[in-house]
Number of protein chains: 4
Amino acid sequence: MISAELKAKAGKIKLVVTDIDGVWTDAKMYYNAEGEVMKAFSTYDGMATYLLNKVGIPTAMISGEDSPSVAARAKKLKLDDVFLGIKDKLIVFETLLEKYDLTPDQVAYIGDDVNDYIVMQVAGLTASPASTPAFHILKPDILLDRVGGDGAFREFADLIIAAQDK
Amino acid sequence: MISAELKAKAGKIKLVVTDIDGVWTDAKMYYNAEGEVMKAFSTYDGMATYLLNKVGIPTAMISGEDSPSVAARAKKLKLDDVFLGIKDKLIVFETLLEKYDLTPDQVAYIGDDVNDYIVMQVAGLTASPASTPAFHILKPDILLDRVGGDGAFREFADLIIAAQDK
Amino acid sequence: MISAELKAKAGKIKLVVTDIDGVWTDAKMYYNAEGEVMKAFSTYDGMATYLLNKVGIPTAMISGEDSPSVAARAKKLKLDDVFLGIKDKLIVFETLLEKYDLTPDQVAYIGDDVNDYIVMQVAGLTASPASTPAFHILKPDILLDRVGGDGAFREFADLIIAAQDK
Amino acid sequence: MISAELKAKAGKIKLVVTDIDGVWTDAKMYYNAEGEVMKAFSTYDGMATYLLNKVGIPTAMISGEDSPSVAARAKKLKLDDVFLGIKDKLIVFETLLEKYDLTPDQVAYIGDDVNDYIVMQVAGLTASPASTPAFHILKPDILLDRVGGDGAFREFADLIIAAQDK
């Protein structure tokens with residue numbers, strides 16, 4: 001259940017941009033002697049990109065890490081906008097505004113940690129998973145019920161889809 | 001504890017059909033650079049197929065994904081009816097009715113997401129794990145206490161077995 | 001906190017016998033196309049075997065599964081009594097009584113599912129992890145606070161150690 | 001929220017020393033037939049070492065295990081002080097005091113189990129994750145809200161950073 005004000009904001013969204021670690025995952029980094037071996041994603045977030053796509057809203061990924069696991073997951077989900085190893089997320093955010101010819105209030109962003117702060121000052125609707133360690137810094141519009149890696153992105157997507165008029 | 005009405009429905013069940021991701025797993029997809037590397041199942045659900053079998057009730061798996069991990073798990077559990085990469089679950093459901101010469105009210109189904117909706121309108125008894133993101137859409141007969149990948153299927157099986165007369 | 005009666009029972013224990021899946025693990029079976037690839041144990045249970053050993057109490061493992069992961073974990077912990085792929089746990093239990101020249105009331109057992117039932121009728125002190133799906137069947141002396149794979153065995157061991165006079 | 005007394009202690013900290021298993025991980029040891037195959041760390045703890053570093057506080061790791069996964073994680077985070085396979089943590093702690101020319105009250109320590117006890121008697125500020133099985137033995141200054149492997153170290157770091165004057 002969200003306020004009428006948030007629902008109005010959500011109704012304007014035409015693109016969803018998402019951080020990966022801690023949002024699409026439970027922040028766990030599985031390591032062996034060679035470094036990171038895998039990531040665990042949720043099938044609920046994969047379904048969310050499909051459901052968003054059905055109402056005409058693309059999903060873009062921006063990650064500070066350059067992880068082959070994320071690239072493989074994005075490929076499986078047929079996502080076009082996947083930006084890995086990004087130090088300045090705001091530049092990518094602005095590139096996406098230009099590509100899709102959108103204003104910031106038409107773009108939603110979900111992130112969980114301090115390196116998402118700057119983008120979250122600009123995006124039209126913001127959310128964080130329940131598991132964020134930086135809630136008091138990020139002050140997202142919505143603190144989701146679900147944790148990262150267990151459908152937080154899906155919960156955000158469902159809420160945006162429900163607010164669309166069509 | 002279930003109602004007398006649900007117990008009566010459960011007493012008629014002669015086949016249990018189950019979705020996999022989010023039911024037999026916690027919806028996590030473990031990915032490396034090459035794609036999905038494994039799935040985590042619960043030994044409690046494996047035991048459930050054994051206990052169901054002892055009272056003459058087979059278990060059938062239907063998954064939208066075509067995952068080798070699911071095939072390996074099904075082989076270990078000696079399940080005969082395993083349908084992977086299925087887009088239209090209703091067709092498989094009807095094939096199973098024919099194979100076992102059953103009516104829909106004799107078949108139970110457990111699923112967790114929107115792609116289980118159509119089958120769940122037909123099956124005689126339906127359930128979802130506590131972790132489902134689609135409870136308000138699926139409206140299953142039973143919302144289980146256990147989450148996917150941690151014995152939700154077992155809980156459903158125990159309840160069906162307890163309702164059998166024999 | 002346990003009752004004086006249970007503490008008296010725990011004070012007599014000279015051997016701890018443990019099931020593996022669902023006790024030393026969270027019941028998860030990690031599968032790829034070839035079958036089971038790994039198990040996740042808790043370092044707290046490893047520490048428990050060390051602490052039990054310091055007060056002269058050995059740990060014996062009995063598992064229905066024949067898992068190489070369990071064998072590797074037992075080797076790391078230098079456990080001598082490791083029985084894998086066991087269909088009749090009672091026979092192994094009796095072999096252990098003979099080997100250590102003990103009576104059943106001197107042996108503790110921790111298990112989580114129906115295939116632990118018969119041994120749990122015989123052992124002197126029984127426990128199940130909080131995550132057991134079979135509490136009402138097993139009726140253990142102690143339902144632990146911790147779940148399988150997250151220190152349930154350690155909790156049981158701490159309680160037995162605290163009850164020893166020495 | 002911590003007391004003024006603890007905040008004063010935290011304000012003096014110039015080095016953070018950390019245990020690994022059960023602190024940086026959820027205590028899970030992933031095993032296959034060959035032994036341990038990986039560990040799961042949290043990206044929140046990685047971020048914590050970066051945030052501590054920004055205020056001039058290095059992070060040192062001391063682990064009783066000699067795990068290649070820990071070495072790989074430390075390398076990724078560019079940590080200099082990584083001590084693996086350590087039986088006597090106090091000796092390493094004293095070596096660190098000498099290297100950084102610090103007194104014990106300037107060093108924080110986070111640990112979760114009985115083998116952290118001796119160091120925790122000496123360190124200037126101590127903490128344990130919510131998941132510790134040894135709270136009543138360790139009696140840390142701070143029992144964190146977060147569990148091991150899910151940002152317990154980050155929570156401790158945030159609290160130390162907030163107490164710094166600069």
Side-chain angles (χ1 to χ4, degrees), chain A residues 1 20-21 24-32 34-52 54-55 61 63 65-78 82 84 129 144-159 161-162, chain B residues 18-42 61-70 84-89 110-118 120 128-139 143 146-150 152:
Chain A
M1 210 56 62
I20 296 299
D21 288 301
W24 278 58
T25 76
D26 55 5
K28 290 204 191 301
M29 317 296 269
Y30 295 89
Y31 267 63
N32 70 7
E34 274 76 45
E36 198 183 31
V37 282
M38 63 177 195
K39 282 189 192 295
F41 302 102
S42 171
T43 190
Y44 297 142
D45 296 335
M47 177 63 84
T49 64
Y50 170 80
L51 297 173
L52 282 168
K54 279 214 304 183
V55 298
M61 290 177 164
S63 175
E65 299 287 314
D66 184 6
S67 162
S69 306
V70 177
R73 185 65 178 147
K75 188 180 168 193
K76 161 78 179 175
L77 299 177
K78 301 193 177 89
V82 181
L84 306 179
L144 299 161
D145 288 331
R146 284 189 172 251
V147 298
D150 192 29
F153 180 80
R154 168 67 173 274
E155 185 185 344
F156 192 38
D158 279 348
L159 180 156
I161 292 165
Chain B
T18 182
D19 178 38
I20 296 298
D21 288 301
V23 175
W24 279 58
T25 76
D26 56 4
K28 290 204 191 302
M29 317 295 270
Y30 296 89
Y31 266 64
N32 70 7
E34 275 76 45
E36 198 184 31
V37 282
M38 63 177 196
K39 283 190 192 294
F41 302 103
S42 171
M61 291 176 163
I62 309 181
S63 175
E65 299 288 314
D66 185 6
S67 162
S69 305
V70 177
L84 306 179
I86 300 302
K87 294 309 151 204
D88 187 336
K89 294 185 176 184
I110 173 170
D112 68 321
D113 211 343
V114 293
N115 53 340
D116 297 305
Y117 178 78
I118 294 174
M120 287 173 76
S128 295
S131 43
T132 174
F135 175 69
H136 293 293
I137 294 168
L138 299 178
K139 296 188 181 72
L143 182 65
R146 285 189 171 252
V147 297
D150 192 29

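So that the names make sense, note that chain A is the first sequence line, chain B the second, and so on, each numbered from 1. The figures that follow rest on heavy atoms only: side chains count, while hydrogens, waters and symmetry mates do not.
Atom CG of B:L143 is surrounded by more than 12 heavy atoms from other residues, nucleotides or ligands within 6.0 Å.
If you take CG on B:N115 and CE on A:M47, they are separated by 4.0 Å, rounding to the nearest 0.5 Å. The CD atom of B:E36 sits 11.0 Å away from the CE atom of A:M38 when rounded to the nearest 0.5 Å. Atom CZ of residue A:R154 and atom CG of residue B:D113 lie 4.0 Å apart, to the nearest 0.5 angstrom. Distance check, rounded to the nearest 0.5 Å: OH of B:Y30 to CZ of A:F41 gives 12.0 Å. If you take CE on B:M29 and OH on A:Y44, they are separated by 10.5 Å, rounding to the nearest 0.5 Å.
Between the A:S69 side chain and the B:Y31 main chain, a donor and an acceptor come within less than 3.5 Å of each other.
A salt bridge links B:E65 to A:K76: at least one charged side-chain nitrogen sits closer than 4.0 Å to a carboxylate oxygen.
Counting all heavy atoms, side chain and backbone alike, B:A33 lies closest to A:A72 at O-CB, 3.5 Å. Between A:D150 and B:D26, the shortest heavy-atom contact is OD1-O, 4.1 Å.
With contacts defined as side-chain heavy-atom distances shorter than 4.5 Å, the pair B:K28/A:T43 does not qualify.
Proximity to chain B is limited to the side chain of A:D158, based on heavy atoms less than 4.5 angstrom apart.
Ranked by heavy-atom pairs under 4.5 Å with chain A, the first of B:G35, B:A40, B:S131, B:G22 is B:S131.
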